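First the structure, in the form of structure tokens, and then the observations on it.
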Amino acid sequence: MALNRDLIVQPVIENIRAASSYLAAGRLVVMPTETVYGLAADAFNPLAVSRIFEAKQRPAFDPLICHISNEEMLERTVSSVSKPVLRLIREFWPGPLTVVLEKSTAVPNIVSSGLPTVAVRMPSHPVALKLIETFGGPLAAPSANMFGRLSPTRPEHTLRLEGDVASILDGGQCSVGVESTIVRYHAGKLYILRPGGITIEKLQRVGGIETCLAENAAIPNAPGQLPSHYAPHAPVIIINPDDPVPTQPERSCFLGFTSIRREVPFLRQETLAPDGDLHCAAANLFEALHRLDDCSPEFIIVESVPETGLGHAIMNRLRKSAAPRTS
Ligand code: TXA
Ligand code: MG
């Protein structure tokens with residue numbers, strides 16, 4: 001059963017304090033971040049973290065990201081930080097960058113799926129920072145959706161969760177709209193395990209080190225990154241802006257990059273970014289897919305976006321949402 005709308009509360013200090021005490025009692029809270037909404041639990045409480053896996057029906061091999069609000073929490077979560085990673089976090093935190101580091105003994109195995117490493121980020125959303133600070137320790141939080149489904153960028157999207165959630169803090173629409181970029185520094189190179197809110201171009205500029213996509217490299221990849229992910233209920237078909245429509249439009253929806261196809265009688269159509277701004281496209285991506293999926297179309301046809309800047313993260317999410325599904 002989906003969650004009750006009454007769980008959504010304004011992020012005033014009393015509600016943040018209440019959310020923090022639910023977390024201390026081992027319960028789950030939905031928190032806004034600048035990327036997507038997260039389903040948070042006390043990262044150092046294995047029983048609380050197990051409830052995240054249960055609520056999302058997430059496989060145990062898919063490790064979680066720990067969210068922190070200050071450097072002292074980083075010290076409690078990881079055993080050391082290399083110089084290049086320190087440079088990156090000084091530049092991009094708080095913000096949509098996740099770094100994978102050797103974990104400290106405080107991090108339970110359920111958080112890291114048994115790996116010796118842990119993923120950490122400091123979000124920039126003021127409500128997330130306030131909640132973590134009030135709670136006083138790292139919060140493990142995956143995106144607040146059922147495993148494999150569309151990510152939530154508004155509080156209403158998280159009502160599709162099915163577990164026992166104590167509170168949903170309303171932080172409005174997520175400004176970035178795609179998940180954080182996940183990186184790992186290994187043997188002199190920076191590997192991008194998942195493209196996201198911080199672009200590869202920006203990482204290269206600041207890091208001053210060789211940066212490569214992990215897909216093409218011999219490094220333990222980001223586990224849990226299955227081919228099918230971020231999937232609406234309707235199957236997704238990606239086409240290029242010049243391609244003709246491949247299916248019966250009357251029963252399908254269309255998501256154009258800069259414009260709709262006025263001449264085609266789709267059930268519903270939307271554009272990601274009329275001015276071609278990729279930040280705007282990323283911020284609208286999941287929200288538009290949620291809206292189109294709510295029309296129960298036969299297919300959602302999506303136009304590809306240029307693969308520069310945030311376009312990498314957008315196309316990564318679109319390809320996974322269009323990939324063949326196992327269930
Ligand atoms: O923007 C975000 O990152 C959002 C918000 C809520 O912060 N969170 C998010 O979490 O996207 P999630 O659970 O959907 O994705 C976490 C991914 C895992 O699927 C895995 O690929 C990677 O992070 N990951 C976690 N721990 C790792 C580790 N030790 N080594 C490599 N990859 C890891
Ligand atoms: Mg996710």
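Worth saying up front: this structure is predicted, and the values here are computed from it rather than measured. As the structure lists them, so they are numbered: ligands from 1, and atoms in each ligand from 1.
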NZ/NE/NH1/NH2 to OD/OE distance under 4.0 Å, Glu179 and Arg194: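 Salt bridge: no.
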Quick check on contacts: which atoms of ligand 1 are under 4.0 angstrom from a heavy atom of [X]?
| X | value |
| --- | --- |
| His67 | 5 (C), 6 (C), 7 (O) |
| Thr117 | 28 (C), 29 (N), 30 (N) |
| Val100 | 28 (C), 29 (N), 30 (N), 31 (C) |
| Asp62 | 18 (C), 19 (O), 20 (C) |
| Leu115 | 28 (C), 29 (N), 30 (N) |
| Ile182 | 17 (C), 22 (C), 23 (O) |
| Gly38 | 6 (C) |

Could you list the donor-acceptor pairs under 3.5 angstrom formed between side-chain atoms of residues 3-10 and any protein atom two or more places apart in sequence or on another chain?
residue : atom : partner : partner atom : Å
Asn4    : OD1  : Asp6    : N            : 2.8
Gln10   : NE2  : Asp170  : OD2          : 3.4

Set of residues satisfying salt bridge (Lys or Arg N to Asp or Glu O under 4.0 Å) with respect to Glu210, sequence neighbours excluded: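 With sequence neighbours excluded, Glu210 shows a salt bridge (Lys or Arg N to Asp or Glu O under 4.0 Å) to Lys189, given in chain and number order.
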Parallel, tilted or perpendicular: rings of Phe286 and Tyr230 (30°, 60°): tilted
Parallel, tilted or perpendicular: rings of Phe254 and Phe266 (30°, 60°):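 Because their plane-to-plane angle is under 30°, the rings of Phe266 and Phe254 count as parallel.
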Side-chain H-bond candidate by donor/acceptor type, Arg317 with Ser151, under 3.5 Å: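 No.
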Pair Glu298, Thr247: side-chain N/O donor-acceptor within cut-off below 3.5 Å: no
With Arg76 via side-chain contact (heavy atoms from CB on, under 4.5 Å) - residues at least two apart: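 Arg76 satisfies side-chain contact (heavy atoms from CB on, under 4.5 Å) with Phe44, Glu72, Met73, Pro138 once adjacent residues are dropped.
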N or O pair under 3.5 Å between [X] and ligand 1:
| X | value |
| --- | --- |
| Arg58 | yes |
| Arg194 | yes |
| Glu179 | no |

Atom NZ of Lys103 with >12 non-hydrogen neighbours under 6.0 angstrom: yes
CD (Glu201) with more than 12 external heavy atoms under 6.0 Å: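 For Glu201, atom CD is crowded (more than 12 foreign heavy atoms under 6.0 Å).
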Structural part of Lys103 in contact with ligand 1, heavy atom criterion under 4.0 angstrom: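 It is neither; nothing of Lys103 touches ligand 1.
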Shortest reach to atom 8 (N) of ligand 1 by a heavy atom, considering only Ala141, Ser180, Pro59: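 Nearest heavy atom to atom 8 (N) of ligand 1 lies in Ala141.
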Listed protein N/O/S atoms, distance to the Mg ion (ligand 2) under 2.8 Å: Ser143 OG
Reported CG-to-CD distance for the pair Leu129 and Glu34, which is rounded to 0.5 angstrom: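 Rounded to the nearest 0.5 Å, the CG-CD separation comes to 8.0 Å.
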Any Ser112 heavy atom less than 4.0 Å to ligand 1: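 The answer is no: ligand 1 sits nowhere under 4.0 Å from a heavy atom of Ser112.
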Side-chain (Thr211) to main-chain (Ile209) donor-acceptor, under 3.5 angstrom: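 Looks like yes, one N/O pair under 3.5 Å.
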